[in-house]
Amino acid sequence: MIHLLNVEEWAERYQNGDLLPEELKMLHATLEEDSVLNKAFEQALQIQVLIKEHARKTHLKSKLAQAAVQHRAQSGLELQHEPAKAAPKTGVWMAVKRYWKPISAAAGIALCSSLFTYTLTKDTKSKNNQYVLLKRDIESIKKSQNQIISNMKQTESSTPVPPVENPGTFGGSGFAINNDGYFTTNYHVVEKADSIYLQMSNGKFFKASVIKVNPEADLAILKVEDKNFSFKQPLPYTIDKNVALLGQRIFSIGYPKDEVVYNEGYISSEKGYDGNTLAYQLEITANPGQSGAPVLDNNGNIIGIITGKQNNTSGTTFAVHAEQLVKMIADLSKDKKVNLNNKNRYSTNPRPEQVKSLREFVCAVRVY
Amino acid sequence: MSRQVIYTDQELIAGLAQSDSHVIGEIYKLYQPMLTKWMISRGGNETDAYDVFQEGLVVLYEKSNDEAFCLTCKLSTYLFAICKRIWFKKSQSQSVISSLDMEQEGEEDDDLDFAAYDADLNVHLEKEAHLNKLEQSLEQLGSPCNELLKAFYIEDKSMLEIAQQFSYTNAENAKTQKYKCLNRLKKLFFSTKMALNV
């Protein structure tokens with residue numbers, strides 16, 4: 001007789017097809033009468049279906065992992081990391097000889113899946129139209145980079161490149177706001193940073209520290225710690241605190257990869273994400289790593305700083321008004337006074353010339 | 001030279017359904033390098049490629065156990081398309097690759113029925129979410145239930161072996177214990193909220 005304390009046993013026998021016809025009849029009759037028992041039985045069945053599937057998957061994954069290791073070894077590639085991240089079991093389980101027979105299990109699975117379909121659809125819906133920060137998660141490309149660097153070291157071990165060893169856990173872009181070591185980038189890039197390095201266009205690294213942040217505008221001002229740091233040339237651009245007009249052509253350079261990348265587009269809305277009045281909406285290609293990159297108008301004046309983009313479109317990007325940056329600079333304490341450049345030195349130059357002088361002042365921000 | 005066996009798509013699928021090591025090795029040989037190349041061109045790395053490929057094979061495995069499953073295209077096409085979808089899903093959640101890439105990709109493979117692949121993938125992700133939850137519940141069970149259930153279901157030990165391993169007086173006792181563990185697992189599983197990390 002089935003009761004609440006032995007549903008597990010009954011569920012197992014039911015699944016294995018071990019029940020006698022009269023037992024089966026009795027089971028159906030009892031379950032129909034007792035809804036509590038019915039639910040307990042159904043759940044017991046589901047758990048057993050799941051745990052068997054879990055066993056099969058574990059077994060499969062360990063086989064797949066083995067095959068991956070072998071394949072990798074045969075391809076003559078160095079094996080540094082265990083490729084079987086998805087196989088959570090470390091030990092190789094004994095072969096599962098007995099395969100689960102799909103008797104009546106289909107019902108269990110169907111019930112299981114229908115329960116969760118709703119949550120899943122809802123979840124994806126809410127993901128539409130999301131704002132995506134453009135800091136770059138370097139973790140995923142770190143391994144391959146490390147390998148390249150270690151290869152490089154083997155060939156030219158005499159040249160020391162100490163800070164490059166770890167390219168940082170996050171990356172963004174930044175640019176100089178004056179001549180002697182003040183830079184700006186996004187707040188979300190340097191948020192929770194242990195240490196920050198700026199990599200200049202010539203490849204040199206400089207340690208920097210945060211001296212002021214404005215989370216609302218998503219801006220941070222950084223200062224290079226090396227006191228002797230300064231640019232040889234004066235800044236070619238000014239920071240324009242006037243709000244640029246709709247339709248203004250713009251361009252930007254930043255570091256979505258280790259090389260500087262140029263993009264151009266236009267201002268497509270005077271308001272940013274979700275009606276944010278501190279930001280513009282731009283139509284320009286932006287990729288992770290471009291957070292903190294300057295947005296410049298045709299004359300090469302900085303009118304904004306890229307912060308993020310909308311994730312379901314290709315080019316809708318958001319940039320905070322440069323005015324916010326100017327305000328932050330004005331609010332700096334006296335010992336950190338930054339005199340802004342007020343002369344644009346390259347407004348009449350053709351674009352490649354502009355970019356050439358600009359790129360020296362744009363840096364990659366590495367955050368550890 | 002070792003003897004070369006050439007499998008048909010059907011044989012490969014059947015072998016995968018049986019978790020045949022030989023066939024799995026062959027599938028890696030045939031299709032994995034292609035994916036690695038593609039992934040690297042998309043800003044992924046080799047380890048990512050192996051992860052994605054493994055997951056793609058799991059999807060195929062699930063499908064291969066489905067009697068209604070009938071491949072309407074080449075195995076390589078199916079596998080590659082599924083792997084692409086997996087990678088997009090992954091990179092979307094990590095925001096590594098912009099949606100721009102996805103759209104371009106969509107145009108490239110216009111003729112492929114993406115909705116169908118997505119449906120397969122979603123079924124898989126749902127299943128994985130369930131299994132993840134089950135695994136969490138198993139962890140929460142603690143000793144000796146966790147070990148006992150694993151010994152029975154995963155290591156495929158007999159009740160007698162389990163009775164000896166866990167020092168129960170006999171197989172019948174061990175069995176009672178197993179049912180108790182299943183009961184606790186059931187309660188844990190259905191009381192914890194589903195954490196969907198899709």
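All chains are named by letter (A, B, ...) in the order of the sequence lines, taking the proteins before the strands, and each is independently numbered beginning at 1.
- Distance check, rounded to the nearest 0.5 Å: CG of Leu57(B) to NZ of Lys63(A) gives 13.5 Å.
- Scanning all heavy atoms of the two residues, the minimum distance from Phe189(B) to Leu50(A) falls at CZ-CD1, 3.4 Å.
- The two residues Tyr28(B) and His71(A) make their nearest non-hydrogen contact at O-CE1, 3.4 Å.
- At distances below 3.5 Å, not a single donor-acceptor pair connects side-chain atoms of Lys57(A) with backbone N or O atoms of Glu128(B).
- Taking both residues in full, the closest heavy atoms of Gln48(A) and Tyr153(B) are given as CG-OH, 4.1 Å, listed atom of the first, atom of the second, then distance.
- Between His54(A) and Leu138(B) the shortest side-chain heavy-atom distance falls below 4.5 Å.
- Rounding to the nearest 0.5 Å gives a distance of 8.5 Å between CD1 of Ile47(A) and NZ of Lys186(B).
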Residues Glu53(A), Leu134(B); criterion side chain to side chain contact (heavy atoms under 4.5 Å, CB included); working and verdict: CA-CA 10 Å; Glu53(A) 187 168 349; Leu134(B) 181 79; over 6 Å; no
Stepwise side chain to side chain contact (heavy atoms under 4.5 Å, CB included) check, Arg56(A) with Asn65(B): CA-CA 11 Å; Arg56(A) 289 185 308 138; Asn65(B) 278 309; 3.6 Å; yes
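- In this structure, no portion of Ala11(A) lies under 4.5 Å from any heavy atom of chain B.
- Atoms CD1 and CG, from Ile24(B) and Leu60(A) in turn, are 5.5 Å apart once rounded to the nearest 0.5 Å.
- For His3(A), the NE2 atom sits in a packed shell: over 12 heavy atoms of surrounding residues, nucleotides or ligands are nearer than 6.0 Å.
- Proximity to chain A is absent for every atom of Lys180(B), based on heavy atoms less than 4.5 angstrom apart.
- For the atom pair Arg184(B) CZ and Glu8(A) CD, the distance stands at 12.0 Å (nearest 0.5 Å).
- How far CD of Gln43(A) is from NZ of Lys187(B): 10.0 Å, rounded to the nearest 0.5 Å.
- When each of Val123(B), Val58(B), Asp20(B) is checked for heavy-atom pairs under 4.5 Å with chain A, Val58(B) comes out on top.
- Leu64(A) CG to Ile27(B) CD1: the interatomic distance, rounded to the nearest 0.5 Å, is 8.5 Å.
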